[in-house]
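Predicted model only: the values in this text are computed from it and were never measured. To find a chain, count down the sequence lines: A is the first, B the second, and so on, and within it residues start at 1.
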Amino acid sequence: MAKSLTLDAFLEKKEEVKEQLPSPSEKARAEEVLEEAPAEEAEEQPSAAPYAPEAQNLEFAYLVSASYDGKRGKAVLKFYEPKSQKSYLWFDNTGHRPYCYTNLSPEDLECIEKVRTHPGYVSAEVAEKYDPLTDSTVQVTKVIATDPLAIGGKPNSLREVIPKERPDAKVWEADIKYYDCFIYDRQLVPGMPYRIENGKIKPVDWSAPEDALKSLEKVLFDEPAESQEFAKKWIELLEYPVPTYRRVSIDIEVGTDIPTRVPDAREAKYPVIAVAMYSSDGLRRVLVLRSRPEYLPKVEEGDAELEVEPEYFDSEKEMLSEVFEVLRDYPFVITFNGDDFDLRYLVHRAEHFGFSRDELPIELGRDSALLRHGVHVDLYKFFFNRSIQVYAFGQRYRDITLDDIAYALLGVGKVSLEKPVSELSLRELARYCYNDAKITYMLTSFGDDLVMKLITIVARVSKLPMDDVVRQGISNWIRNLMYYEHRQRNWLIPRSEDILQLKGATVTEAVIKGKKYRGAVVVEPVPGVHFNVHVLDFASLYPSIIKRWNLSYETTRCPHEVCKKNLVPDTPHWVCTLRRGISSLIIGSLRDLRVRWYKHRAKDPSLPEDLRNLYNVVQLTLKVFLNASYGVFGAEHFPLYCPPVAESTAAVGRYAIIRTIEKAKSLTIPVIYGDTDSVFLENPPPEKVEELIKWSYEELGMELDVDKVYRYAAFSTRKKNYFGVFPDGSVDIKGLAGKKRNTPEFLKKAFEEMIEILSQVNSPEDFEFAREKIKQIVQTCYNKLKRREYSLDELAITIVLGKSVKEYKKTTPQHVKAALLLPEEKLETLGKGDTIRFVKVTTKDGVKPVEIASIEEIDVDKYVEYLETTFEQVLDALGIDFSEILGYTRLGEFFGKK
DNA sequence: GCGGACTGCTTACCT
DNA sequence: ACAGGTAAGCAGTCCGCG
């Protein structure tokens with residue numbers, strides 16, 4: 001922990017300390033901003049300098065974001081005008097104010113001293129709302145306040161005060177962020193275009209093409225009128241073109257005297273030594289600091305070849321000014337981890353040079369760095385989103401690093417470095433920094449701006465500002481969408497505790513200890529090789545169930561006596577027969593749009609390419625929403641958490657797959673496997689497949705489709721473990737160790753070789769040959785192991801830390817053991833999400849990090865065991881015994897060891 | 001005091 | 001901070017065994 005004595009004296013910390021304190025309650029960023037500018041001062045303060053022109057009249061501009069302006073005390077909307085490619089701000093001029101609801105009457109409320117005298121309290125008025133939990137109209141009191149913090153977010157907010165003073169009081173809708181509330185009330189849709197006339201926001205006249213609406217009607221012929229109308233409204237949002245956004249990416253490098261440590265963005269005590277920017281409109285710049293503090297290594301200019309010439313600066317302050325000027329100019333700024341590092345660092349660094357926060361285009365929140373005038377897209381946050389990673393990008397990238405994502409999606413790598421950035425020659429530094437900015441930009445431009453389009457379409461579906469789309473997860477997207485629809489219908493948004501109290505209990509027993517209810521069925525596979533395997537699955541099983549069974553928090557165990565006969569199979573839960581459930585309607589419609597509309601349209605060659613491309617983005621977005629739509633009802637933290645909804649969904653799912661398997665068997669089709677929503681049929685006659693599909697639609701009300709056909713598929717006795725070979729020779733591998741990312745490279749390679757052999761098998765006769773080849777592969781691998789011919793890198797096992805090393809209290813898993821052997825400085829930098837690479841050794845701990853291990857101490861026997869388990873999963877299916885392959889070679893050890 | 005049976009923890013996968 | 005189900009490896013504990 002060497003303190004750098006030469007460090008400048010400008011290390012004042014007062015602002016940073018404030019920032020590090022945990023926010024008192026809400027993470028609402030509007031509120032955080034407010035805390036920095038206390039409400040009392042708001043009136044006297046001059047309005048914030050305009051960072052973008054205020055829009056009074058705009059013919060056409062996309063609503064991209066929303067926020068709360070603490071100084072003006074108003075909601076502010078951010079628009080993007082595609083012609084000029086500039087941002088415009090619109091400040092609320094309708095007098096809209098923050099509010100919540102309570103069951104106390106206005107009179108009762110005014111009797112409470114602390115409410116009446118609350119500085120933020122404005123008034124209370126009676127309102128009528130529909131209460132979905134009781135299926136009745138209720139009278140509530142709308143409590144109106146001057147600013148969002150008066151409603152919630154401080155210890156004396158009305159949200160806290162009212163129930164404290166009157167324990168019988170209930171408060172609704174007090175934890176909705178103000179600008180979200182504003183969007184709901186105005187029924188605005190972020191991502192859609194508007195026009196502004198004399199300060200008034202009006203929707204752009206547009207409707208989906210007549211013929212599209214016609215054919216949608218056809219596709220949804222069997223759906224109720226309400227669903228058809230709802231789907232039409234969605235189409236109006238989803239079909240509208242997405243603009244090209246003018247944007248700049250930015251990446252910074254910071255010089256340090258301790259190369260192992262990442263500089264602290266909150267302190268910003270080291271100089272910014274390079275900044276690169278790369279834009280959609282041709283800006284390519286890399287700024288490099290030439291005059292560096294003495295404690296940094298002396299470096300030459302060097303002669304590295306560059307795409308653009310660096311601009312050298314002797315004054316860091318001037319360099320930063322230049323950067324802020326560029327940022328101010330762009331409506332969209334793209335970074336990779338800018339929230340936590342680049343933009344945050346720039347702000348704090350700028351403060352050291354005497355810039356005031358107000359004059360900077362960036363506004364820091366606790367976990368975010370937002371543009372005052374536009375949208376900051378932090379790609380790290382976006383790609384970190386599990387739903388995006390898994391469903392939008394099919395797990396193509398595994399690590400959330402610029403390197404891995406760029407490699408997986410763009411096929412390009414980072415510039416590899418041999419030494420720390422501070423020691424690079426100036427031109428090498430410029431090249432490195434520029435390359436990162438370029439890659440960052442390209443991550444938003446590949447696939448015809450796929451990522452920008454995804455963010456836009458998610459904004460339209462979720463109704464969240466684009467800033468929040470990037471930073472929040474799927475459960476918040478769904479929550480916001482649900483709230484929006486509640487407000488539109490004048491429904492009271494139920495309190496989580498009321499839902500739970502009314503319908504909290506589950507009745508089924510989970511297979512896994514500690515889970516709340518029973519989930520899906522997995523069928524015991526029939527081991528062996530099966531030819532001509534048809535995989536049938538239910539299209540969006542859980543969303544289909546939610547739709548068909550009218551599942552929603554208010555319709556499940558509804559208050560009506562007549563509905564109690566309408567039971568969900570194998571549960572005591574009943575479902576409403578009188579009213580359509582709101583989540584059933586929303587999820588059902590999104591499902592229909594994806595399955596029956598966008599999936600086909602995305603592949604329809606008769607449509608123009610750009611339209612097809614948009615449709616693909618739409619169907620990907622819908623996939624993301626649908627895949628999470630069931631799970632959120634079983635997630636405690638989801639505000640509409642309703643266990644019987646999740647439990648009923650899973651129960652119907654089990655019912656559907658079990659009935660389908662029984663039906664297949666009655667048709668004498670062998671069922672060799674099934675998992676959750678799929679059944680694997682061995683060599684089924686086409687007419688019987690048709691019959692099964694028809695039966696499913698008529699009997700279960702579910703769409704069953706042939707998802708894929710394998711030339712052959714091989715199963716061991718293990719569930720969720722198989723491979724299938726398609727007619728074209730491509731291979732589907734599921735769950736096999738050879739594909740897992742923690743498997744050592746040498747095994748993955750051998751495994752791939754085996755798959756290559758297997759992909760060439762066309763008939764049962766071909767297996768003879770394949771078996772021999774595979775035996776050879778295993779034999780070779782075994783011999784190389786024994787002779788220690790693999791490198792440490794090939795033998796390394798990579799495991800991701802689920803938490804920081806210190807937090808492993810109950811046990812010490814092997815990767816943690818290995819990590820603990822690392823040098824102190826290295827260990828300190830490790831945290832949740834970091835990967836440990838280690839090898840198995842014969843010395844006392846049994847493991848060692850690759851960095852410090854040597855080839856002689858490798859535990860060869862352990863690796864032979866790995867070889868065995870990896871290949872066993874496939875050899876089992878092919879009827880080969882592992883020990884048979886190794887034959888004599890292994891026999892000796894056999895007696896010696898076991 | 002030791003080893004096998006067992007449970008629990010952890011990671012990575014499937015749908 | 002969507003859910004539950006499965007596989008695998010290992011850590012840690014319990015129990016029986018003269």
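- Spacing between atom NZ of A/K719 and atom P of C/dG4 amounts to 17 Å, rounded to whole angstrom units.
- One can place CE of A/M482 at 16 Å from P of C/dC2, the figure rounded to the nearest angstrom.
- As rounded to whole Å, 12 Å separates atom P of C/dC2 from atom CZ of A/R479.
- Atom C1' of nucleotide C/dT6 and atom CD of A/E524 are separated by 11 Å, given to the nearest angstrom.
- Every residue was checked against the salt bridge (Lys or Arg N to Asp or Glu O under 4.0 Å) condition with A/E682, not counting sequence neighbours, and none meets it.
- Nucleic acid contact for A/F633: none, since no nucleic acid atom lies under 4.0 Å from a heavy atom of the residue.
- OP1 or OP2 of C/dA11 lies within a sub-4.0 Å distance of a side-chain N or O belonging to A/Q814.
- Of the side-chain N and O atoms in A/K862, none sit less than 4.0 angstrom from OP1 or OP2 of C/dG9.
- Under the side-chain contact (heavy atoms from CB on, under 4.5 Å) criterion, A/T829 pairs with A/K826, not counting sequence neighbours.
- Between the A/D876 side chain and the A/S716 main chain, no donor and acceptor come within less than 3.5 Å of each other.
- Within the 4.0 angstrom heavy-atom criterion, only backbone atoms of the sugar-phosphate kind lie near A/G519; the bases stay farther away.
- Atoms CG (A/L747) and P (C/dG9) sit 11 Å apart, rounded to a whole Å.
- Rounded to an integer number of Å, the gap from CD of A/E509 to P of C/dG4 is 14 Å.
- A/F715 has its CZ atom 15 Å from the P atom of C/dT6, to the nearest Å.
- Proximity note for A/T869 (side chain, C-beta onward) versus C/dG9, C/dA8, C/dG4: the nearest is C/dG9.
- Of the residues A/I885, A/V874, A/V778, the one that meets the side chain to side chain contact (heavy atoms under 4.5 Å, CB included) test with A/I880 is A/I885.
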Protein proximity profile, nucleotides 8-15 of chain B - base contact B, sugar-phosphate-only contact S, no contact -, cut-off 4.0 Å on heavy atoms | SSSSSSBS
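- In this structure A/Y808 satisfies the ring-ring contact (aromatic ring centres under 6.0 Å, His included) test together with A/H815, sequence neighbours excluded.
- Nearest-nucleotide mapping onto DNA chain C: of A/V511 and A/A628, the residue sitting toward the 5' end is A/A628.
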Taking N or O atoms only and anything under 3.5 Å, show me the protein contacts with nucleotides 1-6 of chain B, one pair per line.
none

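- Checked against side-chain contact (heavy atoms from CB on, under 4.5 Å), A/T812 has the following partners two or more places apart in sequence or in another chain: A/V816, A/K817, A/L820.
- Where A/R518 and A/K840 each meet DNA chain C at their nearest nucleotide, the meeting point lying more 5' is that of A/R518.
- Within 4.0 Å (heavy atoms only), A/A646 reaches no atom of the nucleic acid at all.
- To the nearest angstrom, P of C/dG9 lies 14 Å from CG of A/D859.
- A/R711 is linked by a side-chain contact (heavy atoms from CB on, under 4.5 Å) to A/V725, A/N762, counting only residues two or more places apart in sequence or in another chain.
- Sorted by first and then second residue, the side chain to side chain donor-acceptor pair (under 3.5 Å) pairs involving residues 623-635 of chain A (not counting sequence neighbours) are A/Y517-A/Y630.
- When heavy atoms are screened at a 4.0 angstrom cut-off, A/T812 is found touching the sugar-phosphate backbone but no base atom.
- Remark: A/S496 engages no residue in a side-chain contact (heavy atoms from CB on, under 4.5 Å) (not counting sequence neighbours).
- In summary, the aromatic rings of A/F871 and A/F882 are positioned with their centroids too far apart to meet the 6.0 Å limit.
- The residue A/E636 sits apart from the nucleic acid: no heavy atom pair falls under 4.0 Å.
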